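Taking it in order: structure first as structure tokens, then the write-up.
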There are 2 protein chains.
Amino acid sequence: MERNVDLDGFLENKQNFIPHLSIDSVIFGFHQDQLKVLLLRVHDSGVWSLSGGFVRMEEGIDPAALRILRERTGLENVYLEQYHTFGHEDRSKKNTLADILDFGHTEEFRNSWLNKRFISIGYYALVDFSKVNPTPDPFSDKAEWFDLKDLPPMIFDHREMIDKALESLRANLDTKLVGFNLLPETFTMPELQSLYETILGVPLRRNNFQRKMLGMDILERIEKLYTGAANKAPYLYKFKAPNVEAV
Amino acid sequence: MERNVDLDGFLENKQNFIPHLSIDSVIFGFHQDQLKVLLLRVHDSGVWSLSGGFVRMEEGIDPAALRILRERTGLENVYLEQYHTFGHEDRSKKNTLADILDFGHTEEFRNSWLNKRFISIGYYALVDFSKVNPTPDPFSDKAEWFDLKDLPPMIFDHREMIDKALESLRANLDTKLVGFNLLPETFTMPELQSLYETILGVPLRRNNFQRKMLGMDILERIEKLYTGAANKAPYLYKFKAPNVEAV
DNA sequence: GTATTATTGTCCCAAAATGGGAAAATAATA
DNA sequence: TATTATTTTCCCATTTTGGGACAATAATAC
């Protein structure tokens, strides 16, 4: 079965990437009170992967991660954080690309640098869901958001990479005040609370949550009110400090 | 100037290491109320480095880090934690080995895989100072403990690697109860407090520190008392949970 | 208009955790 | 037996957190 997958120069590593080393990013978004991750479907398969890529010989790893992210989302300024490097000896031995992609030049692929053992540097990105333009890469034919609680089969160890990214995000949520990067410019207090509840996986109390957030003096209350329903309209807030600092 | 530095097979990568990828470990110890790091002196130079090494083609990165650690300290079971991967494009362009080591086969070295750009996975280890047997590696002629507040000139970006490791250690100190790995089996409360004060860099209150530690129900009080001076002898404690869990 | 309903925003008090001073205990020495 | 230095415990004031109740308000129902 011949599939028209264009790996322009990839198989021969014409772009001069560092061998055995990759970058994978868990792209988090928040939509309809759910935490989402952007995944790529490996060509004509039921197997999905994180947004990944390789590091050029003269390129820093942070710039490489940002470049890859730009290509998958269209976004220039994203909050990005390196959280763990995955290097178990057989992390890429299950659900390998060679197993999934059986297009024409299979033999060429199996022997190429792409089919070797890889150590992958894990990043997670926090983006404004509505601003993302999901774009597949040469290994995939589709880019789609998935609910974190309903993930599809995934390539390699990408499932564990997501789990660990969520763990890191949780740990950083309070200390680094990082959640705002998942929301649009302005938001209501219930929206912010829902975000925190979803990430942490626990319900929080309205009154105490509001007290804590306002007490930190990081929110600016926009005077205008929100369009609404048959009840009191919530205020809109914006985050005082500019979003996006990490990396 | 010809120096007798034996890099048996290193220059030609006979051991089949993954190119462009290294591991560096910040080995922390605690001695005389000071936080120490174990450093290696690059052959006949005033420049020092962390304990580092490379990953074999079929070897996981955690086992590789443990192997390197074993070679430098003689210890089998050490608390080891991966904290950050350093991959700035010119992180290895200052104080390079080629600059420092000017032994006979300089030309061979300059052209070898060792003199290329490296991405380094950073670990930190917490060890019982008294149990370590410091041992240099093929690139160094001396292994020595340094006070964290009095570090010598260091190769590459190893100084920043230490700074960032300390940052991570501080962040993990309370949540992961990791400090006990720096002490011997049994210790007194003032010793434990001194450890915390030294790592965190702030003075703590005796009474409240003790309340907090005892309140967590992780310490077992050994009934025997400590040999002493002209005052009340402190109790000895031991950590209930077995040390060494990470990695 | 007035009452109703569903939320949001605010207030208050009890419980728990923390800061910080002082007293009790004790091992050696004078 | 008193003194000294240090460890351990106790206690109270302050701050933070948990949790219930009430006031405010935007649309709808009457």
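Predicted, not measured: the structure shown is a model, and the values here were computed from it. Every chain is numbered from 1 and lettered A, B, ... according to where its sequence line falls, protein lines coming before strand lines.
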Q | Integer-rounded Å distance: C:dG20 C1' and B:L204 CG | A |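 Taking atom C1' of C:dG20 as the reference, CG of B:L204 is at 13 Å.
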Q: Please report, rounded to the nearest Å, how far the C1' atom of D:dT8 is from the CE atom of B:M213.
A: 16 Å
Q) Can you check whether B:R205 has a side-chain N or O nearer than 4.0 Å to OP1 or OP2 of C:dG19? A) no
**Q.** Contact letters for nucleotides 6-18 of chain C, in which S counts primed atoms plus P, OP1 and OP2 and B counts the base, heavy atoms under 4.0 Å
**A.** BBBBBBB-----B
Measure the shortest side-chain to side-chain distance between [X] and [Y] over non-hydrogen atoms and say whether it is less than 4.5 angstrom.
X: A:Q193; Y: A:R205; value: no
X: B:E59; Y: B:R67; value: yes
X: A:V132; Y: A:W145; value: yes
X: A:D128; Y: A:P184; value: yes

Show every donor-acceptor pair shorter than 3.5 Å between a side-chain atom in residues 23-37 of chain B and any protein atom, with sequence neighbours excluded, or say none if there are none.
from, atom 1, to, atom 2, distance (Å)
B:D24, OD2, B:S120, OG, 2.6
B:D33, OD1, B:S194, OG, 2.7
B:Q34, OE1, B:K149, NZ, 3.3

Q.
I'd like to know if the side chain of A:D62 pairs up with that of A:Q82 as donor and acceptor (distance under 3.5 Å, no hydrogens or angles considered).
A. no
Q: Say whether B:Y124 and B:N172, considering side chains only, have a donor N or O and an acceptor N or O under 3.5 Å apart.
A: yes
Q) Quantified as the angle between the terminal helix axes (five pairs each), what is the overall bend of the helix from C:dG1-D:dC30 to C:dA30-D:dT1 to 10 degrees? A) 30°
Q) Between A:Y123 and A:Y79, is the gap from one ring center to the other below 6.0 Å? A)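 When the ring centroids of A:Y123 and A:Y79 are compared, they turn out to be at least 6.0 Å apart.
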